[in-house]
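Please read the structure below before turning to the comments.
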Amino acid sequence: MIEARRLHILRAVADHRTVTAAAAALYLTPSAVSQQLAALEQETGHRLVDRGARGVRLTPAGEILLTHTNAVLEQLERAEAELAAYGSGEAGTVTVAAFATGIGLVVAPALAALTRDRPGIRVRVRDAEGDASLPMVLDRQVDVAVAVEYRGAPAAGDPRLTHVPLYAEPFDAVVPTTHRLAVADRVPLAELAKDPWIGPYPGNPCHDVVVLACENAGFQPDFDHSSDDFRAVVALASADAGVALVPRSALRGMDLTGVTVRPVDGVAPTRRVFAAVRRGSEQHPLISPLLGALGEAAEAQRD
């Protein structure tokens, strides 16, 4: 008989590519993960992983089992959701990870709505960049992620996750007031090809959006300054240190002295934000109301 907890460990190893990283995500020791993998191999009668200098990869047998693992874990999530619903599910704690702007735009309003309408549901919020929250969901560190589409992100059809689209917002060009394009109604990105750039670090989903937009305009941006805090990005632009692309919502309420904000000419780069949960858990009586409240908060932003 295959134990479900060992399937969870197999998926973590497949996701993180090393025993050490999987162990850290699961709050286990590497030796415990290795022991569980060995036990799973005994249960199945097949070698499931190959260990090499570059980490761990699944064998063909491991890949077959991983496909079934996703289905089994999804069904277990559904079972937990139905049992929680049977037990009323009126009270409990749900944890959401989201990036800072997403917390302000949709998570905080959703939390306020649940406090008013479903006082038995307690929401805990963790600040996490858009590329960090999805692994936190998969590793069961949080229940819900508010994340951003980025290169390499699990696709909407990923068998491990259920995606709920929330909102999309354009990036605006931020240039010093002394910049030659500060008087333009719209900023063509191609005309910023030779400017120094300010932007998020590689790995941040917004970095990918900026780089892809510049590539589509025919150039690679030269980042002189890097910060994941858009307040710092705008402050550097106001000091005439360079130009930037910033999500429109991140500019709300910000001190824009010394900079000019203009829409991008043509098709604007866009940040697409969604909520994600482990597939099968979307009907859990604690998670479903939060997803609904997040959707209503996102809809209010569009009005």
Side-chain angles (χ1 to χ4, degrees), residues 15-17 21 97-107 126-139 142 144-158 160-161 163-175 187-234 236-237 241-252 254 261-276 298:
D15 287 342
H16 293 281
R17 304 295 184 183
F99 57 99
T101 308
I103 291 173
L105 278 183
V106 295
V107 176
R126 296 188 184 180
D127 189 335
E129 291 297 337
D131 59 334
S133 57
L134 294 178
M136 293 171 72
V137 167
L138 291 171
D139 294 333
V142 301
V144 181
V146 174
V148 178
E149 291 182 2
Y150 60 94
R151 294 181 187 181
D158 190 292
R160 301 168 297 173
L161 296 168
H163 284 222
V164 179
L166 293 178
Y167 64 92
E169 62 172 327
F171 281 59
D172 288 325
V174 178
V175 301
V187 173
L189 284 185
E191 294 192 25
L192 299 177
K194 295 183 178 180
D195 284 88
W197 278 75
I198 311 160
Y201 284 100
N204 185 313
C206 289
H207 177 89
D208 286 347
V209 174
V210 172
V211 170
L212 182 59
C214 293
E215 288 176 350
N216 289 339
F219 69 98
Q220 285 280 344
D222 182 12
F223 288 98
D224 276 8
H225 310 282
S226 297
S227 174
D228 289 332
D229 187 333
F230 286 116
R231 292 184 299 272
V233 170
V234 171
L236 287 168
V243 300
L245 290 175
V246 177
R248 188 166 292 172
S249 65
L251 295 168
R252 294 180 184 176
M254 192 181 294
V261 178
R262 292 288 184 267
V264 172
D265 191 35
V267 179
T270 302
R271 173 162 71 173
R272 303 185 188 281
V273 179
F274 61 93

Check whether any side-chain heavy atom of [X] sits under 4.5 Å from a side-chain heavy atom of [Y], and report yes or no.
X    : Y    : value
V273 : V148 : yes
W197 : V210 : yes
H16  : D139 : yes
E129 : P200 : no
C206 : F230 : yes
V107 : V146 : yes
L134 : F274 : yes
F223 : P202 : no

- Message: Under a 3.5 Å distance rule, please check whether T101 uses its side chain to pair with a backbone N or O of F99 as donor and acceptor.
- Response: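 No; zero donor-acceptor contacts below 3.5 Å.
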Identify the heavy atoms of [X] and [Y] that sit nearest to each other, and give their distance.
X    : Y    : result
M136 : A128 : SD-CB, 3.9 Å
A213 : L245 : CB-CD1, 4.4 Å
V211 : Q220 : CG1-OE1, 4.1 Å
V142 : S133 : CG2-O, 4.4 Å
A217 : L189 : CB-CB, 3.9 Å
D224 : P196 : OD2-CB, 3.3 Å

Gap separating the [atom1] atom of [X] from the [atom2] atom of [Y], nearest 0.5 angstrom:
X    : Y    : atom1 : atom2 : value
R252 : L105 : CZ    : CG    : 5.5 Å
H207 : L212 : NE2   : CG    : 11.0 Å
E149 : T270 : CD    : OG1   : 10.0 Å

- Which residues satisfy the side chain to side chain donor-acceptor pair (under 3.5 Å) test with D265, sequence neighbours excluded?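 Partners of D265 under the side chain to side chain donor-acceptor pair (under 3.5 Å) test: none.
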- Taking only residues two or more places apart in sequence, or in another chain, which ones meet D158 in a side chain to side chain donor-acceptor pair (under 3.5 Å)?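 By the side chain to side chain donor-acceptor pair (under 3.5 Å) rule, D158 matches R160.
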Checking [X] now: which residues fulfil side chain to side chain contact (heavy atoms under 4.5 Å, CB included) with it, not counting sequence neighbours?
X    : result
D229 : S227, R231, A232
R248 : E169, P170, D172, P263
A100 : D127
E191 : L181, P188

- Message: Is it true that, when you exclude R262 itself, more than 12 heavy atoms of the residues, nucleotides or ligands shown sit nearer than 6.0 Å to its CZ?
- Response: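 Atom CZ in R262 is crowded, with more than 12 foreign heavy atoms closer than 6.0 Å.
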